[in-house]
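Reviewing the structure listed below.
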Amino acid sequence: MPYPQAGSAGPAAIMQRLRRLPLTPPLVLAPSLIATLVYVVGFALWSAWMSVSTSTLLPRYGYAGFVHYRALWSNHRWGIAYTNLFLFGSLYVAGAALLGLLLAILIDQRVRAEALWRTVFLYPLAISFVVTGTVWRWIFNPTSGVQHLVRSLGWHDFSFDWIVRRDTAIYTVVITGIWHASGFAMALFLAGLRAVDPDLIKAAQIDGAAMPRIYLRIILPTIRPLFVAVLVILLQFAIKTFDLVLALTSGGPGIATTVPAIYVYDLMFQRGQLAEGAAAAVMILAALVVVLVPYGMWASWRRSRV
Amino acid sequence: MASLSIRSLGKRFGPVDVLHDINLEVEPGEFVVLVGPSGCGKSTLLAMIAGLESITTGEIRIGARRVNEVPPRDRDIAMVFQSYALYPTMTVRRNITFGMESRRVPKAAQAAALARVASLLQIEPLLDRKPAQLSGGQRQRVAMGRALVREPALFLFDEPLSNLDAKLRVEMRTEIKKLHQTLGKTTVYVTHDQVEAMTLASRIAVMHQGRVQQFDRPRIVYERPANMFVAGFMGAPAMNFLPAALATVADRPCVLLPADGAAPVALPLPPVAGEAALVPGRRVILGIRPETIGLAPAAGAAATVEAVAEVVEPTGPDTMVVARLGGRQVIARFDPDTAPDPGDRITLALDPSRACLFDADTHRLI
Amino acid sequence: MSEAVRHDLLAPAGGWHRRRARLGVHLVLLAFALCYLLPLAVVVLNSFRDLGDIGRNGLLAVPRSFSLAHWSVVWNRFCVSGGCAGIAPFFFNSLAMAIPATAISTMLGALNGYILSKWRFPGSQTVFLLMTLGVFMPGQMVLLPWAITLGWLGLTNTIAGLVLIHCVQGLSFTTLFCRNYYVGIPDELIRAARIDGAGFWRIFLRIVLPLSPPILIVTVIWQFTGIWNEFLFGVTFSSGAHQPITAALIGLATTGTSVHQYNVESAAVLIAALPPLLIYLVGGRYFVRGLTQGAIK
C-alpha cells in the first residue's frame, strides 16, 4: 500500500497529526485550564500537605505525620460536628427532596398561575444563607418570633424554643435549610415530570389507573435518575453547609449545632491550628468523594448502557 | 468544474475501521451518488471530501490538487447538510452571504451573487426572514442557495432531502436534477434512498460496511448488480433470491429451480459474464426482479413455474403479489387488471434474460 | 416546554370530583406558599415598623406603625462591622466584586464551553472532567492556599483578590453550563460555517454567541447570585471597610448582648437580598429552563 497505514504510531505520523490540529482552541483554553489545575489539584494537594505538616499559627512545611487527624478524631467537638452533619444532612436531603417532589406534583396538576407558584417556592434559592439564617433566627427566637406570637394570641403556655435548646437546635437548621433548597428540588422535579412521555400517562389513564398509582408506578420510576441527581446535589450542599448555621445559631447553643465546615474555620482562624483545620477540611473533601465518586461511576455506567 | 479522485482512502476511528480502500474517480460535471444503509460510511466519506474529517490513509484530489491537508474553506467546495444547518440567528440574506463575508468578498460582489442565486432559486421574498420562519422546502432552498452562491468546483450534498415529506422530496429531487443539468457542476450526493440514487445519479457508488460494493451507471447497478447486497439494496420491492443449481439439460446449460413437491424446473441460463464458471452442480442464487415476473401465458416467457398467491397488495399503478414458490416467498409486480386473488394457484412466467445469477457462497454476480 | 401536550391527570375524575380535587390542590399550595413567604413578609413589614411596636408586639405581628426612616439610617448611618457609615459601602463592595467576577467568568466559561464541545482535541474530555471537579471543591479545602496565594500576589483584603477567587472558582460552573448547552448546538452548523470559510473566532462570535443568550442568562444569574451571596471567602479574605455585604452582615448574628434594632436590621437584610432577588425575579423563568437544559445532565 503506497500510503502510511492507519494507527502506525511512528513519530512522523504523530507529528503530522499534531500539525493538522488547530492551535487556537488549546491556546484559548490554556489559561482557564492552568487556573483550574492550580485550583483543583494544586490547592487540594497543598491543603492535604498542610494537614500532615507541622503548621500551627503559621504555615510550616515540615512533616508531622497523621497526628492532626488523630487529634481531630479524638476531639469531642469534631464528634459533635460530624454527628450533626449526619443528622442534618439526612433530614435536610430527605426533607427538601420530598417537599420539592410534593410541590412539583401539585404544580403539575395544571394549576392556575403556575409561574407565580414556581416563583414563590423558588425565591429562597436567590437569598444568601446569611440573610436566610438571620431572618429565621428571629422567627425561631422565643421572645420575638413564633412562640411570642402564639402566646400573645392567648395560648400562654405554648412553647417553641427549639433554637435555644441544645437537643433541638439542629432541627431549626434543618427547617431553614429545607426552606432554602426545596424550591430548587421542586424546579428540577417539575422539569423531570414534564419530560415524561405524555403518551405513557394517557395509556395508564386508559388502563384505568388512578392518579396516585400513575405517579407511583409510571411517572416516578421513569424519573428515577433525576432523583439520584437531586439527592446528590442536595447532599453536597449539606456537606458544605457553613454560613447558614453561622447566621442562624452561630453553632450554638454552646457547640450544639456546630458542623465540620464551621469547625474548620474555627481551627484555622480562631485557634491558629492550621494543620488540624486542614485535616478537617480534607475530611470534608473525603465526605464529598464518598458521595460523588459512586454517583459519577453510576452516572457514566448508565450513560454507557444507553 | 473539477474532477474528484479518491485513491486508496481509509478511515479509522480509534480501533474501528470505518472505510476501507475507497477508490472513486469522478469526472468533471458528473453527479455521483453515494448510497447505502446507515452506518455504511457514506457520510464519513463525504465529510472527508469536505475536509471535516481527517484522512487516515490514502488521498483525495480535487482537480489536480491533493487536498488531504487543505482546510475546508480552501477546498473550493460547497455543502448542503441534512439538517440544512442554516444559521438560526441570521436572516436568509445573511445566511447566504456569510461565506463571502468570511472570505472578505467586496460588498457589491456579494450583492450581485446573492441576487443571482435568489432569482435562480426563487427565494427573493424570503431574504429577510429567519430560518425558523421558513417551511421545510424553503429551508432546503436557502441551504442550496448558500451552497450555490459560492460557485464551487465541487458540490457536496449530505442527505439533503431526508427531512422533507414525501411529496416535497420528489419535487426537490427534480429541482436538484434540473439545477445540475443547468449548472453542470461536479456533485457528490449522499443518500440512503435508492430511488433518489437512481433518479439523480450519473453514476452510483453503493456502499456497505465501509467498502464501495459497486460504482457504475444507475442502469448497470440495477440490472447487473455486482453482488447480492447491491441487488437487494437497489430496487423496491427488493430482488427475489431463489437458491438453485446449475445443470446441463439437452446439452445446454440451465438453472434448476426447486419447485413445490414436483421436480425442479429447468430455466434457460440468464446472461453471465464467463462461460467457464458454469460447472454443472454448482450452487447458485437466482435473482429475479419483481417486475420481470409475469403471469403465464405471457409473450416471450421462456419459463413458467407454479405458485400460490398468498398476499395481494395493491399500490395503485401496480399490484404486488407475494407468492410461495418452492418453499420461498417471491414478490411479483403485476398489472392491477391481471392480479390474482389471495389463495389462487397461479403460473408465474419468469424472464431469464433479465435475471441475475449469484454464487451461493461468495454472493457475487456470476 | 409546550403547554399544549400537558396531560391533565385530574381529568378522568370528571365533574365536581375534579373541581374539588383542583380546589384542594390550590389550597395546599396556598398553605405552603404562605410558609415560604413568611420570612420575606417578616423583613419587609418590620423594616417599616418602629422599635416600640416591635418590642411590644413581637416580630410576627400586624404592623401598628409605619416609617421609612430606618431605610435611610441603614443605608448610610447604621453601625455594622466596625464602622458607622451604613451598609452602602459594603453594598458597593459587593457590586464591585460580583459584576467583574460574573462578567469574566461567564466570558471565559462560554469560550471554554465552545472549545470543549465544538473544537475537541485529544485529551479535551479529560480537561472537561477536571474543570467539572472544581464545581464540587469545598471552600474550606482551598482556604489556606488562597490565603497564602493572595498574600504573594499582594491582594490580601482587596476586592480584586475576591474577584480573582470567584473567577477561578466560577470557571468550573460556567464551563460546565456552557459546554453542556453548546453540545446541543448541531455540529452541522459548525461544519457549514467552516466550509463557508469561518474560523475559530468568527464561528464563535457570529454563530455560537448569538445562540447563547439562554445559557448566558443562566450563567450570569448563577454566578451573580452565587458571588453576591458568598460568605466564606468574603469573611476570610477581607475585613473592615473592604468586606462584601454578606460578610459585614454576619455581625447582626453575632452582636451578642446588645439590643437588636430589628427594624433597621430588617432593612439591612432586605437590601442585602435585593440584587439577587431582583435578578432572579426578572430572569428566573429562563434560569429554571436553562438549568434543566444545561446543568443537570
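Everything numeric in this text was worked out from a predicted model, so none of it was measured. Here is how names work: the chains are called A, B, and so on, in the same order as the sequence lines, proteins then strands, and each is numbered from 1.
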Review point. Given that the side chain runs from C-beta out, which part of Leu40(C) has a heavy atom under 4.5 Å from chain A: side chain, backbone, both or neither?
Key: both
Point to revise | Heavy-atom proximity to chain C below 4.5 Å, by part of Val135(A) | key: side chain
Practice item. Determine, using ring centers only, whether Phe237(C) and Trp146(C) are less than 6.0 Å apart. Key: no
Review point. With respect to chain A, which residue among Thr225(C), Val127(C), Thr236(C), Leu38(C) yields the maximal number of heavy-atom pairs within a distance under 4.5 Å?
Key: Thr236(C)
Review point. Which atom pair, heavy atoms only, marks the closest approach of Gln140(C) to Ala281(A)?
Key: O-CB, 3.7 Å
Revision key, fill the gap. Scored by heavy-atom pairs under 4.5 Å with chain A, the best of Gly109(C), Pro39(C), Cys167(C) is Pro39(C)
Revision key, fill the gap. Turns out that what part of Val130(A) lies under 4.5 Å from chain C's heavy atoms comes down to side chain
Practice item. Please flag which part of Val230(A) lies under 4.5 Å from any non-hydrogen atom of chain C: side chain, backbone, both or neither. Key: neither
Revision key, fill the gap. Of Val142(C), Leu29(C), Val168(C), the largest count of non-hydrogen pairs under 4.5 angstrom with chain A goes to Leu29(C)
Practice item. Could you tell me whether the side chain of Ser144(A) and the main chain of Trp138(A) form a donor-acceptor pair under 3.5 Å? Key: yes
Review point. What class does the angle between the rings of Tyr36(C) and Phe32(C) fall in, given that below 30° is parallel, 30 to 60° is tilted and above 60° is perpendicular?
Key: perpendicular
Practice item. Heavy atoms only, distances under 4.5 angstrom: which of Leu171(C), Leu274(C), Leu144(C), Leu281(C) has the most pairs with chain A? Name it, please. Key: Leu144(C)
Check your understanding: For Ile105(A), is it the side chain, the backbone, both, or neither that has a heavy atom closer than 4.5 Å to a heavy atom of chain C?
Key -> neither
Revision key, fill the gap. Of all heavy-atom pairs linking Arg302(A) and Pro225(A), the shortest is NH1-CG, 3.2 Å
Check your understanding: Where does Cys35(C) contact chain A at under 4.5 Å (heavy atoms): side chain, backbone, both or neither?
Key -> backbone
Practice item. Let me know if Leu99(A) has heavy atoms under 4.5 Å from chain C in its side chain, its backbone, both or neither. Key: side chain
Point to revise | Heavy-atom contact with chain C under 4.5 Å, split by part of Val282(A) | key: both
Check your understanding: For Pro25(A), is it the side chain, the backbone, both, or neither that has a heavy atom closer than 4.5 Å to a heavy atom of chain C?
Key -> both
Exercise for review: Answer with yes or no whether the side chains of Asp243(A) and Tyr265(A) bring together a donor and an acceptor at under 3.5 Å.
Suggested key: no
Practice item. Pick whichever of Pro31(A), Gly145(A), Ser152(A) has the most heavy-atom pairs under 4.5 Å with chain C. Key: Gly145(A)
Revision key, fill the gap. When the 4.5 angstrom heavy-atom criterion is applied to Phe269(A) and chain C, the contacting part is side chain
Exercise for review: Let me know if Leu285(A) has heavy atoms under 4.5 Å from chain C in its side chain, its backbone, both or neither.
Suggested key: both
Review point. Does a salt bridge link Glu265(C) with Arg137(A), judged by any charged N lying under 4.0 Å from a carboxylate O?
Key: no
Review point. Are Arg49(C) and Tyr262(C) in a cation-pi contact, defined as NZ or CZ under 6.0 Å from the six-membered ring centre and within 45° of the axis?
Key: no
Practice item. State yes or no: are the ring centers of Phe129(A) and Phe242(A) separated by less than 6.0 Å? Key: no
Review point. Which residue out of Thr149(C), Ile54(C), Leu133(C), Leu270(C) racks up the most heavy-atom pairs below 4.5 Å with chain A?
Key: Thr149(C)
Review point. Which one, Ile245(C), Leu130(C), Ile115(C), leads in non-hydrogen pairs under 4.5 Å with chain A?
Key: Ile115(C)
Exercise for review: Could you label the plane-to-plane angle of the Phe227(A) and Phe189(A) rings as parallel, tilted or perpendicular, counting under 30° as parallel and over 60° as perpendicular?
Suggested key: tilted
Study note, to complete from the structure: Per-residue tally against chain C (heavy atom, under 4.5 Å) across Ala280(A), Ala278(A), Ser32(A) peaks at Ser32(A)
Check your understanding: Would you say the side chains of Ser266(C) and Asn46(C) form a donor-acceptor pair under 3.5 Å?
Key -> no
Point to revise | Residue part contacting chain A, namely of Leu30(C), when any heavy atom lies under 4.5 Å | key: both
Point to revise | Leu37(C) portion near chain A, given a 4.5 angstrom heavy-atom threshold | key: both
Practice item. Answer with side chain, backbone, both or neither: which region of Leu111(C) has an atom nearer than 4.5 Å to a non-hydrogen atom of chain A? Key: side chain
Review point. So what's closer than 4.5 Å to chain A heavy atoms on Trp228(C): side chain, backbone, both or neither?
Key: neither
Check your understanding: Side chain of Ser47(C), backbone of Val44(C): donor and acceptor closer than 3.5 Å?
Key -> yes
Point to revise | Residue, of Leu288(A), Thr119(A), Leu33(A), Leu122(A), that accumulates the most heavy atom pairs under 4.5 Å with chain C | key: Leu122(A)
Point to revise | Worked check of side chain to side chain contact (heavy atoms under 4.5 Å, CB included) between Phe237(A) and His180(A) | key: CA-CA 11 Å; Phe237(A) 281 165; His180(A) 192 265; over 6 Å; no
Exercise for review: Using the six-membered ring wherever Trp is involved, compare the ring planes of Tyr123(A) and Trp179(A) and label them parallel, tilted or perpendicular (cut-offs 30° and 60°).
Suggested key: perpendicular
Check your understanding: Quick one: does Thr246(C)'s side chain get under 4.5 Å of Glu230(C)'s, heavy atoms only?
Key -> no
Point to revise | Region of Val42(C) in contact with chain A, defined by heavy-atom distances below 4.5 Å | key: side chain
Review point. Considering only heavy atoms, which portion of Phe136(C) lies under 4.5 Å from any heavy atom of chain A: side chain, backbone, both, or neither?
Key: both
